[in-house]
Amino acid sequence: MWTSGLLVATFICLLVVRFVKLLWARRQFPPGPVPIPFIGSLWRVGWKIRQDTLLKLAKSYGDVFTLWIGHFPVVVLTGFKNVKEGLMDNYERLSGRPMMPFFKLLGNRNGVMFANGKTWKDQKHFGQATIQTLVQMQKDLQHQINKEAGLLVKTFARENGQPLDPSSALMRSASKVICTAVFGHNVPIEDEALCKLTEHISIVTKFRGSVGETLYNFFPSLMQHIPGPHKEVFSSCEFIRSFIKKQVEKHKQNAVAHHEPQNFIDFYLAQIHREKMDSTTTFNEDNLIQVIADLFAAGTETIAVTLSWGLLFMVTHPDIQEKVQKELQSTLDPSKLISYDDRKKLHYTNAVIHEIQRFSNIVLFGLPRLCIQDLNIFGHFIPKDTLVVADLCSVLLDPKQWETPEQFNPNHFLDKDGKYTAREEFYTYGTGCRACLGKQLAQSELFIFFACLMKAFTFRWPEGIKESNVQPIMGPVVHPSPFKICAVPHQAAVHRSPTQDNSKST
Ligand code: HEM
């Protein structure tokens with residue numbers, strides 16, 4: 001009895017000491033909810049994250065505030081001005097990624113997304129330049145996107161205007177585009193292998209942001225020994241890496257001396273060769289495999305989910321859908337494939353695609369950053385190794401920047417003459433040196449896929465459904481909850497799908 005009383009008293013004393021320590025530590029950070037030992041700010045945030053969770057907290061604590069995960073502080077930046085000042089003025093200092101155990105498992109400190117220091121810098125610089133080259137110079141890539149769009153049109157057309165769930169067909173098309181960029185268009189990937197690959201990518205991305213991930217980050221050694229969904233993630237990571245490794249081996253075997261690089265692996269193998277005498281090089285096969293895994297992880301679901309939201313918004317805004325279709329009909333030459341350059345003539349369609357991205361807000365809080373040096377920001381001292389989160393959602397919905405932030409309104413991207421106008425606040429791809437590596441590829445994919453679908457179909461709700469309450473499903477990529485729509489074919493366009501077109505556009 002006496003011993004248990006002593007234990008309880010000791011526990012309470014420890015809690016009090018911990019609480020006082022937390023109170024002391026939080027003085028230097030921007031304000032925020034009082035952290036409680038072990039649970040941090042969870043009592044205020046709750047388990048369920050919503051799109052406006054951080055925005056609501058900003059109303060109570062100011063645009064820059066601190067949340068605590070256990071006893072780790074996380075500084076949150078909200079609103080265009082603060083995110084811009086934070087990430088752009090401190091470009092270098094906020095260039096780190098926190099090496100949480102789950103990120104270590106995903107990236108093994110290699111590649112781009114979950115790497116730091118020289119490895120990240122080299123791989124990011126090379127990856128970005130190579131993707132840009134492939135998009136700009138490899139006309140084939142645009143041709144392949146068109147070909148995938150044509151296959152997608154055929155898949156939807158087979159349903160003959162009956163209700164369909166577009167999500168898996170969109171995932172498949174998006175992953176085929178990454179396959180083409182990375183492996184080349186002449187490497188046939190069997191449908192079954194591709195389906196497995198996209199399944200495993202989904203398993204990994206869905207685990208991110210889950211309670212399982214938090215538990216894994218707090219107790220990585222323990223979690224290695226207990227069953228649960230994290231075990232499935234381990235085997236999915238293995239599958240993805242070994243799938244890519246096999247493709248790299250094939251490229252090495254087929255490498256013909258002096259042939260011009262045609263795809264990402266070719267470019268990368270050539271870089272390994274160029275730097276083989278440099279003892280500090282980070283170009284090696286481990287990094288190659290991880291960069292490719294990052295491209296698949298970051299470049300498949302983001303595209304498919306944006307297009308899903310796009311179709312939904314067209315169904316809910318038939319007037320906007322009609323305007324897009326009219327513009328496509330009156331501007332495009334039906335004998336030519338759609339190219340990314342056509343966006344310069346298709347002002348309204350381009351504005352609609354940007355508005356789909358702004359309004360769907362699929363990457364709510366971006367990926368967390370780590371201060372790699374002490375930082376003085378907004379009158380606060382933030383020590384090295386502090387986590388910083390930029391709430392991209394608060395930028396894309398910032399009432400100080402957008403005329404009607406809570407409405408789907410393509411005019412946000414049109415000037416008074418109806419011409420497309422770029423907006424600085426369009427932070428859907430993040431900003432600063434950790435901003436999206438695949439922006440250019442993403443923009444061309446979204447443009448070509450969306451324009452091809454709009455040219456071929458009118459999307460509407462199935463018979464009897466007037467209005468559907470499609471709720472967002474939170475996660476690292478925000479999905480719409482499963483839905484069905486009808487793709488009603490415009491006969492001529494479907495029969496002349498881009499796969500049958502021989503005239504390559506530039
Ligand atoms: C609609 C499509 C996409 C959206 C909205 C998007 C958005 C983002 C965002 C918000 C970040 C984090 C930026 C930060 O930390 O501040 C990011 C990072 C990244 N994205 Fe994308 N992305 C898209 C498509 C793609 C595609 C197609 C690829 C590859 C081909 C790609 C590759 C990457 C990579 C590798 C990173 C990590 C960059 C780094 O850590 O330095 N993304 N993306």
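Just so you know, these numbers come straight off a predicted model, no measurement behind them. The figures that follow rest on heavy atoms only: side chains count, while hydrogens, waters and symmetry mates do not. Order of listing sets the numbers, starting from 1, for every ligand and every atom in it.
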Short version for Leu437: what comes under 4.0 Å of ligand 1, heavy atoms counted, is both
For atom 14 (C) of ligand 1, which candidate among Gln443, Arg434, Gln357 provides the closest heavy atom?
Arg434
Nearest option to atom 41 (O) of ligand 1, as decided by whichever heavy atom of Arg369, Lys124, Gln128 sits closest:
Lys124
What atoms in ligand 1 come closer than 4.0 Å to a heavy atom of Gly430?
10 (C)
re atom 26 (C) of ligand 1, the protein heavy-atom contact at minimum distance is Gly299 CA, 3.4 Å
So is Lys439 touching ligand 1 or not, going by heavy atoms under 4.0 Å?
no
Polar contact flag, side-chain donor to acceptor under 3.5 angstrom, Gln401-Arg423
no
Around atom 15 (O) of ligand 1, find the nearest protein heavy atom and jot down its residue, atom name and distance.
Arg97 NH2, 2.9 Å
Give a yes/no on ligand 1: does Trp120 have at least one heavy atom closer than 4.0 angstrom to it?
yes
What protein heavy atom sits nearest atom 2 (C) of ligand 1, and how far off is it?
Thr302 CB, 3.6 Å
Can you tell me which residue among Phe413, Phe408, Tyr427, Phe426 is in a ring pair (Phe, Tyr, Trp, His ring centres under 6.0 Å) with Trp402?
Phe413
Return yes when atom CZ of Arg50 has more than 12 non-hydrogen atoms of other residues, nucleotides or ligands closer than 6.0 Å, and no otherwise.
no
Would you tell me which option among Ile303, Leu441, Val291, Thr428 has the nearest heavy-atom contact to atom 7 (C) of ligand 1?
Thr428
Shortest reach to atom 29 (C) of ligand 1 by a heavy atom, considering only Ala390, Gly366, Gly127, Gly438:
Gly438
Protein contact of atom 33 (C) of ligand 1 - nearest heavy atom, named by residue and atom, plus distance:
Ala298 CB, 3.4 Å
Measuring from non-hydrogen atoms of Ile178 to any atom of ligand 1, is the shortest distance under 4.0 Å?
yes
Rounded distance [0.5 Å steps], NZ in Lys176 versus OG1 in Thr198:
11.0 Å
Find the distance between CG (Asn411) and OH (Tyr348) and round it off to the nearest 0.5 Å.
7.0 Å
Atoms in ligand 1 with a heavy atom of Val112 nearer than 4.0 Å
38 (C), 39 (C), 40 (O), 41 (O)
Considering heavy atoms of the protein only, find what lies nearest to atom 37 (C) of ligand 1 and give residue, atom and distance to 0.1 Å.
Met113 CG, 3.7 Å
Please determine if Glu285 and Lys252 form a salt bridge, counting it only when a charged side-chain N lies under 4.0 Å from a carboxylate O.
yes
Would you please classify the geometry between the Phe243 ring and the Phe296 ring as parallel, tilted or perpendicular, with 30° and 60° separating the classes?
perpendicular
Answer yes or no: is there an ion pair linking Lys121 with Glu92, defined by an N-O contact shorter than 4.0 Å?
yes
Would the number of heavy atoms belonging to other residues, nucleotides or ligands and lying under 6.0 Å from NZ of Lys104 be above 12?
yes
Any heavy atom of Leu392 under 4.0 Å from ligand 1? The part involved is side chain
Distance to 0.1 Å, residue and atom name: give those for the protein heavy atom nearest to atom 22 (N) of ligand 1.
Cys436 SG, 3.1 Å
Around atom 1 (C) of ligand 1, find the nearest protein heavy atom and jot down its residue, atom name and distance.
Thr306 OG1, 3.5 Å
Min side-chain heavy-atom separation Ser339-Phe447 under 4.5 Å
no
Would Tyr429 count as a polar contact of ligand 1, with the cut-off being nitrogen or oxygen pairs under 3.5 Å?
no
In plain terms, say whether Glu327 and Lys323 are close enough for a salt bridge, that is, a side-chain N and a carboxylate O under 4.0 Å apart.
no
Between Glu424 and Lys84, does any NZ, NE, NH1 or NH2 come within less than 4.0 Å of an OD or OE carboxylate oxygen?
yes
